[in-house]
Amino acid sequence: MTVETKLALSATEVRSFSQNNNEPAWFGSLRAEAIEKATELPMPTPDKTNITKWNFTEFPQHTVESAPFSSLDELSAEVKEIIDIEGQENLYIQRNNTPAFLKISEELKAQGVIFTDILTAVREHSELVQKYFMTEAVKVDEHKLTAYHAALVNGGVFLYVPKNVVVEKPLQVVFLNDNADASLFNHVLVVADTNSAVTYVQTYVSTIEQSNGQANLIEEVIAMDNAQVTFGSVDVLAKGFTTYVNRRAHVKRDAKIDWALGLMNDSDTISENITHLVGDGSLAHTKTVVVGRGEQKQNFTTEVRHWGKNSEGFILKHGVMKDSAQTIFNGIGKIEHGASKSNAEQESRVLMLSEGARGDANPILLIDEDDVMAGHAASVGRVDPIQLYYLMSRGLSKAEAERLVIHGFLAPVVTNLPIESVKNQLTKVIEGKVR
Amino acid sequence: MSTLVIKDLHVSIEDKEILKGLNLTINTNEVHAIMGPNGTGKSTLASAIMGHPKYEVTQGTIEIDGENVLEMEVDERAKAGLFLAMQYPSEISGVTNADFVRSAINARREEGDEISLMKFIRELDKTMDFLEMDQEMAQRYLNEGFSGGEKKRNEILQLMMIKPKFAILDEIDSGLDIDALKVVAKGINQMRGEGFGCIAITHYQRLLNYITPDHVHVMMQGRVVKSGGPELAQRLEAEGYDWIKQELGIEDTDAVTEEA
């Protein structure tokens, strides 16, 4: 099906944006071709959520100007809390569409680690970026939103860890949104070369109540042979955004990815997190927690696709729904022909806190190979009254007992976030949302 | 001294009457054993005292030092001094044992007067050692993946940390091996004294070899039908319950089923 869509920017405008940024020719062409494709390609079709009436394409302006931070003292208290100001050695802050702060340790530089905003990387590490940018994990022409993203990229991060380099301390990124007219077409590209290890933790934080913009986010992780990547994200985008977020990993031989995703947006959100276990012996743990509230409509698809032999994928998704929030959880374990001895496990649980909320957990196993293991568990329910009785029988009030059960339910991601300040922030966000 | 008084208690579950006029009075500094065949309402009594949501009290009163327990929420009953060591403790994922016990202790204290972390840790360590529990169990999620014996020990750990006025032990001995049973009994015996009273519900005399009761009550068909001293438990162990049935003219026809 071909759908003609009038887009906010023309090919000419996109190309001149690229030229003004001094981007290399290949990137300008990629953008221009992508915008052409975006007019024709169909929308994605997330299972069980109808998005035909959602507005993914209109926004007030493509980029907004924001002042960078000359020192972390200038950050608002809310943002400061997310960062260990003294201890965090490697930190990037993007303010709306502006690279606003970058700190990278001498040690990391000496090891050859590249950690910079994506548009600087396109200019300064052109060949490396070209090799991986929407070539292996996500493709430009998958559907309208991937093409639109490629055409309009206006922020994001590039992280490259060379062969055999083990980065001990987590790298941190904060995407600060404090302008209601900002749209975020952020592209995060993490490449962990052979035998390397890295932990990357990002936070999306809106300090505005209501946004008029789009959030079309694509994040790609390439884990080369025997590399280990931990990818943590806490998303707290404001109401008003239409959010499309696509997080994808390509995991090669004996490599490993750990996703820890705290998806706390107040916007309507389509989230897709796909891990391709390409190499033999590759491993993925994806842990996702979600809180839906208000009138929010969200769709979360988590998929682990097994191509390599002896590959193992574990999906854990826990969601809490309140008010009239509607959420679909699709969990897919797919074992391709030839991926023998693989193991696909998943668990999806939804906790309903109010009558008007809706949550569906759809576990799907697609298996095209005989010699494998697979399993799933799914449940949708209320807080167990017997659990509350047990906790209350020790003197805890009903509210406190419920709070403990809910926090416990969302703990799998909280405890897996490797930066203490981000962990605390997620706990606080959860506290604020479920109250 | 505190007193727990149960009068003419009638309790139903899903419209089926289980307790049919039960009377019992317990003071602190006393240990009472409640024995009886399966399905006579022993666990129902424990659940009704604590306020289990599925059990409905249709008649009678429960008072602690003159306060009406039946009007209290479950947490208020706990704060009034009641503690139930459950037969099947819930598993709560994501909440560590230590955090939970500390919350329970602080729930009894005024805001601003919470137990200090150091003092709490010292006391928890000491109590876990006493109960021969592995220290790592403090950081495990509440009862999650615990064996039957570990769960029972964990109930006694909570009991010893919370220090209630009255503890009800609902078949604390079922499924325990002899070593675990000794440890559990050691915990209860440690608690015995001026400020503490206990109701031990059990099928088996075995528990009472380690926790010597001051009073023994026999329950049948939803009532206490016979009370006595420790010698009553010994006679039940030796002769079973038939002699009581004959003595009191009780027939088995309408034995009630007990909710686990």
Side-chain angles (χ1 to χ4, degrees), chain A residues 260 262 287-291 314 316-320 347-351 353 377-417 423-424 426-431 433-434, chain B residues 46-55 72-97 99-109 111 139-144 151 154-155 157-159 161-165 167-168 170 259-260:
Chain A
K287 292 188 174 144
T288 309
V289 295
V290 172
V291 175
F314 301 91
L316 178 148
K317 291 165 95 170
H318 285 185
V320 173
E347 183 203 320
S348 294
R349 303 200 183 278
V350 184
L351 200 54
L353 298 187
S379 67
V380 177
R382 305 191 160 274
V383 177
D384 177 3
I386 302 304
Q387 284 190 334
L388 292 182
Y389 165 64
Y390 183 70
L391 296 172
M392 287 172 73
S393 80
R394 303 311 189 232
L396 303 184
S397 66
K398 189 169 185 206
E400 176 68 5
E402 270 180 345
R403 198 186 70 85
L404 278 184
V405 170
I406 291 164
H407 276 269
F409 182 72
L410 299 176
V413 166
V414 179
T415 52
N416 269 279
L417 283 169
K423 198 184 275 192
N424 294 340
L426 177 57
T427 305
K428 214 170 135 180
V429 170
I430 291 170
E431 194 91 355
K433 285 199 160 205
V434 298
Chain B
S47 297
I49 295 173
M50 205 66 230
H52 189 293
K54 277 194 178 162
Y55 294 79
M72 299 178 189
E73 293 292 330
V74 176
D75 57 322
E76 292 167 340
R77 297 181 192 205
K79 285 192 252 185
L82 296 173
F83 182 97
L84 172 59
M86 300 203 190
Q87 196 175 355
Y88 303 105
S90 291
E91 301 189 5
I92 319 277
S93 187
V95 178
T96 67
N97 230 349
D99 283 349
F100 169 59
V101 175
R102 192 149 69 100
S103 302
I105 291 173
N106 285 332
R108 289 163 172 74
R109 291 165 157 250
E111 214 173 306
Q139 294 312 318
R140 279 176 60 188
Y141 292 152
L142 183 52
N143 294 326
E144 195 182 58
K151 282 182 182 166
N154 206 35
E155 293 291 281
L157 173 69
Q158 293 172 34
L159 166 68
M161 292 297 290
I162 290 172
K163 302 182 182 70
K165 287 181 194 155
I168 304 140
D170 189 6
E259 177 81 352

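Below, read A as the first sequence line, B as the second, and so on, with proteins coming before strands; counting in each chain starts at 1.
Screening residues 398-407 of chain A for side-chain hydrogen bond (donor to acceptor under 3.5 Å, both in side chains), with sequence neighbours left out, gives A:Glu400-A:Arg403, A:Arg403-A:Glu431, A:His407-A:Glu431.
The residue from A:Val405, A:Ile386, A:Leu388 that alone fulfils the side-chain contact (heavy atoms from CB on, under 4.5 Å) condition with B:Ser90 is A:Ile386.
Taking each heavy atom of A:Pro385 and B:Pro53 in turn, the nearest pair found is O-CG, 4.4 Å. A pairwise comparison of heavy atoms in A:Leu396 and B:Ala107 identifies CD2-CB, 4.1 Å as the closest pair.
In this structure, A:Ser393 OG and B:Ile162 CD1 are separated by 8.0 Å, a value rounded to the nearest 0.5 Å. Note that CE of B:Met50 is 11.5 Å distant from OH of A:Tyr390, once rounded to the nearest 0.5 Å.
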Do A:Tyr389 and B:Lys54 pass the side-chain contact (heavy atoms from CB on, under 4.5 Å) test, and can you show the C-alpha distance, the side-chain angles, and the key distance before you say yes or no?
CA-CA 10 Å; A:Tyr389 165 64; B:Lys54 277 194 178 162; over 6 Å; no

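Side chains of A:Leu404 and B:Leu142 form no contact here, defined as non-hydrogen atoms less than 4.5 Å apart.
No part of B:Glu76 comes within reach of chain A, as not one of its non-hydrogen atoms sits under 4.5 angstrom from that chain. Looking at A:Leu410, neither its backbone nor its side chain comes within 4.5 Å of chain B, counting heavy atoms on both sides. No part of B:Arg77 comes within reach of chain A, as not one of its non-hydrogen atoms sits under 4.5 angstrom from that chain.
Put simply, of B:Lys79, B:Gln158, B:Glu73, the one with the most heavy-atom pairs under 4.5 Å next to chain A is B:Gln158.
The number of heavy-atom neighbours closer than 6.0 Å to NZ of A:Lys428, taken from other residues, nucleotides and ligands shown, is 12 or below.
Judged by distance alone, with hydrogens and angles left aside, the side-chain atoms of A:Arg394 form no donor-acceptor pair with the main-chain N or O of B:Leu159 at under 3.5 Å.
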